[in-house]
Amino acid sequence: MDSNLGFPPQKLIELGKDRMLITGMDGELQIINDNLEPEYEYEIPFPTSISQSTVSNNILFACWMDLELMIARMAAIDLDSRFQEGPTRSELRMKLNHETPPQVTGSRWSHILDSEPLAMVSGLNYVAFTTWKRGVYCIDHDSNELWRAPEIKWENRLENANVVVSMNVTEKGLLIWSKGAEWALINETNGEILNQGSVDFQHILEKTFSNENKILLCCPEGNILWLNELNSSESWKTKQKGPVHDAKWDTEKKCWRLCIWREDVLWSKSSIQTESRKEIGKSIFKSKGSWMVLDNSGTFSTHFK
């Protein structure tokens, strides 16, 4: 596949077994193989954007959001089954006042949300997520609640610094980050807070990327901090031209591969290499031994030849 997908991509998720899931900006879902060819045509199970998503056991767990229509849905979709087309946006608008509101078509389960999801992550047998001013929730893959924890209390008092921006699964538990670069380590079994702390990152934290113990903290202006360990004093910094859209750790080159606005970046402890690109890179992934980028036009290209 060397041409446009047919829809603007949001991100690509590697599934294993030479399959990848692509989510679109307007709720599109499509599976492609290792040859970058679609298994079948894309479908839109629910005509709004996906704000949060994670995959476990070949099930997509996602949240569909539309602020204009005041709609929020969470659902689970089997990635071994063919996607189904849902209602159009105009049909959705007409059905909003019905006693039985429309749910995500073709899903294993689908629920209405009463608070905006801020972050979501999945383990082997669970899905954990945070919502605006409602705390942390953990459910199993069939949507049965396992535990819930109250909203985390952060030390930073700056406006919106207490908003959660990411969740990661680590060997020690669930690691949750706030915009103020504070973190909380939570027991994934019962939601108990095991430890809390902060990182000296003098910027508003937008997103994090992690691989084993390595962590990238990223801000919208292009400031990036690389930590090898959560509590380590050893770190590396860089300032790039814009926000990080995706980052993956390259175990062979021992460096981070990043998509930053219209640049590709290779960042090791000793050097930084950059290459410009015409379009905006959205996702980095590996296919047939080569590192690739899916850009905002729906085109695939190499990430550093």
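These numbers come from a predicted model, not from an experiment.
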Walk me through whether Leu92 and Thr48 qualify under side chain to side chain contact (heavy atoms under 4.5 Å, CB included).
CA-CA 10 Å; Leu92 182 63; Thr48 64; 4.1 Å; yes
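- In this structure, CG on Asp66 lies 10.0 Å from CZ on Arg73, to the nearest 0.5 angstrom.
- Aromatic pair His303/Phe285: ring centres not closer than 6.0 Å.
- When atom types are taken as modelled, the side chain of Arg262 and the backbone of Lys278 share a donor-acceptor pair closer than 3.5 angstrom.
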Working note: Ile31 + Phe83, criterion side chain to side chain contact (heavy atoms under 4.5 Å, CB included); need CA distance, chi angles, decisive distance, verdict.
CA-CA 9 Å; Ile31 300 285; Phe83 302 134; 3.8 Å; yes
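- A pairwise comparison of heavy atoms in Leu118 and Val164 identifies CB-O, 3.7 Å as the closest pair.
- Both Val163 and Leu174 are part of a single hydrophobic cluster, where members link through side-chain heavy atoms under 4.5 Å apart.
- Contact record, Ile272 with Trp267: CG1-CD1, 3.2 Å, taken as the closest heavy-atom pair.
- Note that the CG atom of Leu67 and the CD atom of Glu116 stand 6.0 Å from one another [nearest 0.5 Å].
- Taking the ring centre of Trp249 as origin, the terminal cationic atom of Lys214 falls inside the region bounded by 6.0 Å and 45° from the ring axis.
- Looking at Gln84 and Thr105, their side chains never bring a donor and an acceptor atom within 3.5 Å of each other.
- Closest approach of Ile260 and Val265 over heavy atoms only: CD1-CG2, 3.7 Å.
- When Thr54, Val121, Ile139 are each tested for a side chain to side chain contact (heavy atoms under 4.5 Å, CB included) with Phe129, only one passes: Ile139.
- Formation of a donor-acceptor pair under 3.5 Å by the Ser122 side chain with backbone atoms of Val55 is found in this model.
- Under a hydrophobic-cluster definition in which Ile, Leu, Val, Met, Phe, Trp and Tyr are linked whenever side-chain heavy atoms come within less than 4.5 Å, directly or via other members, Leu5 and Leu12 are assigned to the same cluster.
- Cluster membership check: Ile77 does not share its hydrophobic cluster with Ile59, using side-chain heavy-atom separations under 4.5 Å among Ile, Leu, Val, Met, Phe, Trp and Tyr.
- How far CZ of Phe7 is from CG of Leu29: 8.0 Å, rounded to the nearest 0.5 Å.
- Rounding to the nearest 0.5 angstrom, the gap separating the CE atom in Met74 from the OG atom in Ser107 is 12.5 Å.
- Side-chain atoms of Glu206 never come within 3.5 Å of backbone atoms of Pro243 as a donor-acceptor pair (strictly under, hydrogens ignored).
- Side-chain contact check for Asn187 versus Leu194: some heavy-atom pair is nearer than 4.5 Å.
- Contact annotation: the side chain of Asp34 approaches that of Met20 to within less than 4.5 Å [non-hydrogen atoms, C-beta and beyond].
- Using a 3.5 Å distance cut-off with no hydrogens or angles, the side chains of Asn231 and Glu229 do not pair a donor with an acceptor.
- Rounding to the nearest 0.5 angstrom, the gap separating the CH2 atom in Trp256 from the CD1 atom in Ile284 is 10.0 Å.
- Tracing side-chain contacts under 4.5 Å through hydrophobic residues (I, L, V, M, F, W, Y), one reaches Ile32 starting from Tyr42; they form part of the same cluster.
- Pairing each heavy atom of Glu188 with each of Trp147, the nearest pair is O-NE1, 3.0 Å.
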Please report the C-alpha distance between Trp226 and Leu216 in whole Å, then the side-chain angles of each, then the deciding distance to 0.1 Å, and finally whether the side chain to side chain contact (heavy atoms under 4.5 Å, CB included) criterion is met.
CA-CA 5 Å; Trp226 169 2; Leu216 287 187; 3.6 Å; yes
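- Looking at Ser53 and Lys11, their side chains do bring a donor and an acceptor atom within 3.5 Å of each other.
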Any chance you could lay out the side chain to side chain contact (heavy atoms under 4.5 Å, CB included) test for Ile280 and Trp261, step after step, and finish with the verdict?
CA-CA 5 Å; Ile280 299 172; Trp261 193 236; 3.4 Å; yes
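- Nearest approach of Trp64 to Ala75, heavy atoms of both residues: CZ3-CB, 3.6 Å.
- Of the listed residues (Asp250, Thr302, Leu266), just one forms a side chain to side chain contact (heavy atoms under 4.5 Å, CB included) with Trp291, and that residue is Asp250.
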